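All ligand and atom numbering here is 1-based and tracks the order in the structure. Excluded from the calculations below are hydrogen atoms, water molecules and symmetry mates; all remaining heavy atoms, backbone and side chain alike, are included. This structure is a prediction, so every number in the text was calculated from the model and none was measured.
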Amino acid sequence: MSERDTICALASGQPPAAICIIRLSGDRIWKLAGALLDCGLPEPRRATLTKFRDEDGTLIDEGLAVFMPGPHSYTGEDTLELYLHGGPAVITHAISTLTSEPGVRLAEPGEFTRRAFEAGKIDLTEAEGVADIIEAETNAQKAQALRQLTGGLTEQYDQWRADLTGILALVEVVVDFPDEEDAPEETTAPVIRKLTRLIHEIEEALGDRGIGEKIRDGFRIAIIGAPNAGKSTLLNRLAGRDAAIVTSRPGTTRDVIEVRRVMGGQIVWLSDTAGLRETEDEIEAEGVRRAERVAAEADLRLFMVDGSAPELGVLSSPFRQSTDMVVVNKADADLASGLPEYDHRISAKDGDGVPELEAALADFISRKAASVEAPVITRARHRARLVDGLSCLIAARDALEQGTGPELAAEDVRLAIRHLGAVVGSVGVEDVLGAVFSQFCIGK
Ligand SMILES: Nc1nc2c(ncn2[C@@H]2O[C@H](COP(=O)(O)OP(=O)(O)O)[C@@H](O)[C@H]2O)c(=O)[nH]1
Ligand SMILES: [Mg+2]
């Protein structure tokens, strides 16, 4: 018998609801079921209708109970799910009854999944997939999370680690060569070839322009341009609310204002920024620096120009880049002559041209999201480990090529295996587990 607490949580959403699910995992289930369910411990994996009582025999509710004995359960432990009416009084009565049993307590966020991970039922990327699918808002997020939770990333990392184990065996052959002789070319050449192939594969995964992370966390569009061009007016129109202050006074917006939307089937963060100009005002100057930072990180920069006064639109502006989408605003007013080439002409105030602009933005984002098929990296955590792994592999190859020491190469390959192993959670992840699982909701 394990010493572990049995955990208990409401796994379904906020009450009131038609039905709630209360979930338990751990070996106290036998005792609880015997004492509190009229049916006793239900037959495994069979929904059983039963009355559910507290320790005094008072009826809590009538509902279904499903028993899933370990190790063939989500957590690997015995688990019990109770399907009751989803009212606050039922839930409170049920949970307080269950947790008043010694050795039974409320679960922490993600604790069921953490137990599944610790029991070796899933690896860390699959656990992250579980967290992501619960949070998924767009279809693209859902598809990515599903791929991850069904082992899509595991497969890739296992393949890389298997390749590396093979390479390590070959490097050790080189290491074992007698001191007085250098390892012959025939021994090192195939190892270098295999290493090079793996280096390319990992470089390719890293060269995904962050699409997997963006599908998960959102793409970024920055609205930039001269003061008074109408940037804040456009942001408000795209947001459908007054998120940013609009005035006729140039230099009104100082901080970056962000609005979250779904566009082109993706989460998109739209940022309104301070007008780009040289300024003596300290606060405005900080606003301009922030605007430049946001623009530099954006997937798309909308460069807005006041069409009624293009000379103020500073088209020759040092801030403008050739890849910017140029939007001429104030098309309702008399447009000045000498307008530059532009991609869109709108009136942010009246809304003319805005639907076409929105369609173009949606198209841009959905194309960008589709530009990488099945990204291997969906979190910064994966990227950091892959970058570290890659540099070890490059160091190993250098050592073999320059004949400076096969022992060093072997050590680097071992380190690379550890870095890739950390992504799936097979080694050295104690320090990240808390961070990964605390992001979960309770009951999962
Ligand atoms: N005529 C006209 N005025 C506009 C339009 N969009 C914004 N404005 C006005 O231009 C001024 C500056 O707008 P704002 O959105 O604050 O510009 P920002 O400094 O670029 O954020 C305000 O007085 C707005 O009412 C438009 O499409 N047509
Ligand atoms: Mg503004």
Side-chain angles (χ1 to χ4, degrees), residues 219-261 263 268-362 364:
F219 289 78
R220 299 194 164 266
I221 297 179
I223 307 175
I224 57 171
N228 238 26
K231 300 179 294 300
S232 299
T233 309
L234 176 64
L235 179 89
N236 289 346
R237 186 161 281 285
L238 293 174
R241 64 186 167 92
D242 283 340
I245 300 171
V246 171
T247 72
S248 56
R249 182 131 59 95
T252 301
T253 308
R254 271 107 185 269
D255 238 331
V256 176
I257 295 171
E258 294 192 314
V259 164
R260 189 171 187 275
R261 266 200 55 175
M263 296 180 113
V268 175
W269 292 95
L270 292 156
S271 319
D272 180 28
T273 60
L276 300 167
R277 65 171 170 183
E278 301 295 340
T279 171
E280 296 290 306
D281 182 309
E282 209 180 312
I283 303 174
E284 194 184 350
E286 175 57 25
V288 172
R289 274 194 292 279
R290 290 181 186 202
E292 290 182 285
R293 206 153 55 225
V294 166
E297 287 168 7
D299 296 290
L300 178 64
R301 301 162 33 124
L302 280 194
F303 192 93
M304 276 190 91
V305 179
D306 181 345
S308 63
E311 74 282 3
L312 297 177
V314 279
L315 277 157
S316 54
S317 158
F319 299 112
R320 196 180 139 213
Q321 292 180 0
S322 58
T323 49
D324 290 353
M325 186 183 273
V326 178
V327 178
V328 166
N329 188 32
K330 309 198 185 181
D332 55 289
D334 284 338
L335 286 189
S337 56
L339 277 173
E341 268 192 35
Y342 52 81
D343 300 296
H344 289 272
R345 184 173 135 159
I346 64 165
S347 167
K349 197 153 103 181
D350 300 346
D352 287 347
V354 175
E356 291 79 0
L357 173 63
E358 276 194 79
L361 297 180
F364 177 90

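- The nearest heavy-atom contact from the protein to atom 8 (N) of ligand 1 is Lys330 CE, 3.6 Å.
- If you check which protein heavy atom lies closest to atom 23 (O) of ligand 1, you get Ser248 CA, 3.4 Å.
- Side-chain atoms of Arg237 come within 3.5 Å of backbone N or O of Ala348 as a donor-acceptor pair.
- By the 4.5 Å heavy-atom criterion applied to side chains, Asp332 and Asp352 are not counted as neighbours.
- Asn236 has its side chain out of reach of Val259: every pair of non-hydrogen atoms, C-beta onward, lies at least 4.5 Å apart.
- Protein heavy atom nearest atom 24 (C) of ligand 1, with residue, atom name and distance: Val246 CG1, 3.8 Å.
- Residues Leu235 and Thr253 have side chains not in contact (no heavy-atom distance under 4.5 Å, counting atoms from C-beta outward).
- Scanning both residues, Pro250 and Asn228, for their nearest heavy atoms gives N-OD1, 3.9 Å.
- Panel note: side chain Arg261, backbone Leu238; a donor-acceptor pair is recorded below 3.5 Å.
- Within ligand 1, counting atoms from 1 as listed, the ones closer than 4.0 Å to a heavy atom of Thr247 are 11 (C), 12 (C), 13 (O), 16 (O), 22 (C), 23 (O).
- Between the NZ atom in Lys231 and the OG1 atom in Thr252 there is a gap of 9.0 Å [rounded to 0.5 Å].
- The shortest contact between atom 15 (O) of ligand 1 and any protein heavy atom is with Thr233 OG1, 2.5 Å.
- Considering both main-chain and side-chain atoms, Ala229 comes within under 3.5 Å of ligand 1 through a nitrogen or oxygen pair.
- Contact annotation: Ala348 has at least one heavy atom less than 4.0 Å from an atom of ligand 1.
- Residue, atom and distance of the protein heavy atom nearest to atom 12 (C) of ligand 1 are Asn228 OD1, 3.1 Å.
- Counting only distance, with no hydrogens or angles, the side chain of Lys349 and the backbone of Ala331 share no donor-acceptor pair below 3.5 Å.
- The shortest heavy-atom contact between Val326 and Glu341 is CG1-O, 3.9 Å.
- Using a 4.0 Å cut-off to heavy atoms of Gly230, the atoms of ligand 1 that qualify are 7 (C), 13 (O), 14 (P), 15 (O), 17 (O), 18 (P), 20 (O).
- The nearest heavy-atom contact from the protein to atom 6 (N) of ligand 1 is Asn329 ND2, 3.2 Å.
- A salt bridge between Glu292 and Arg289 is absent, with no side-chain N of the basic residue lying under 4.0 Å from a carboxylate O of the acidic one.
- Of all protein heavy atoms, the one lying nearest to atom 1 (N) of ligand 1 is Asp332 OD2, 2.9 Å.
- Polar contact with ligand 1: absent for Asp272 (N/O pair, distance under 3.5 Å).
- The number of protein N, O or S atoms lying under 2.8 Å from the Mg ion (ligand 2) is 2.
- Side-chain atoms of Asp272 do not come within 3.5 Å of backbone N or O of Ile257 as any donor-acceptor pair.
- Between Arg220 and the options Asp299, Val294, Val268, a side-chain contact (heavy atoms from CB on, under 4.5 Å) holds for only Asp299.
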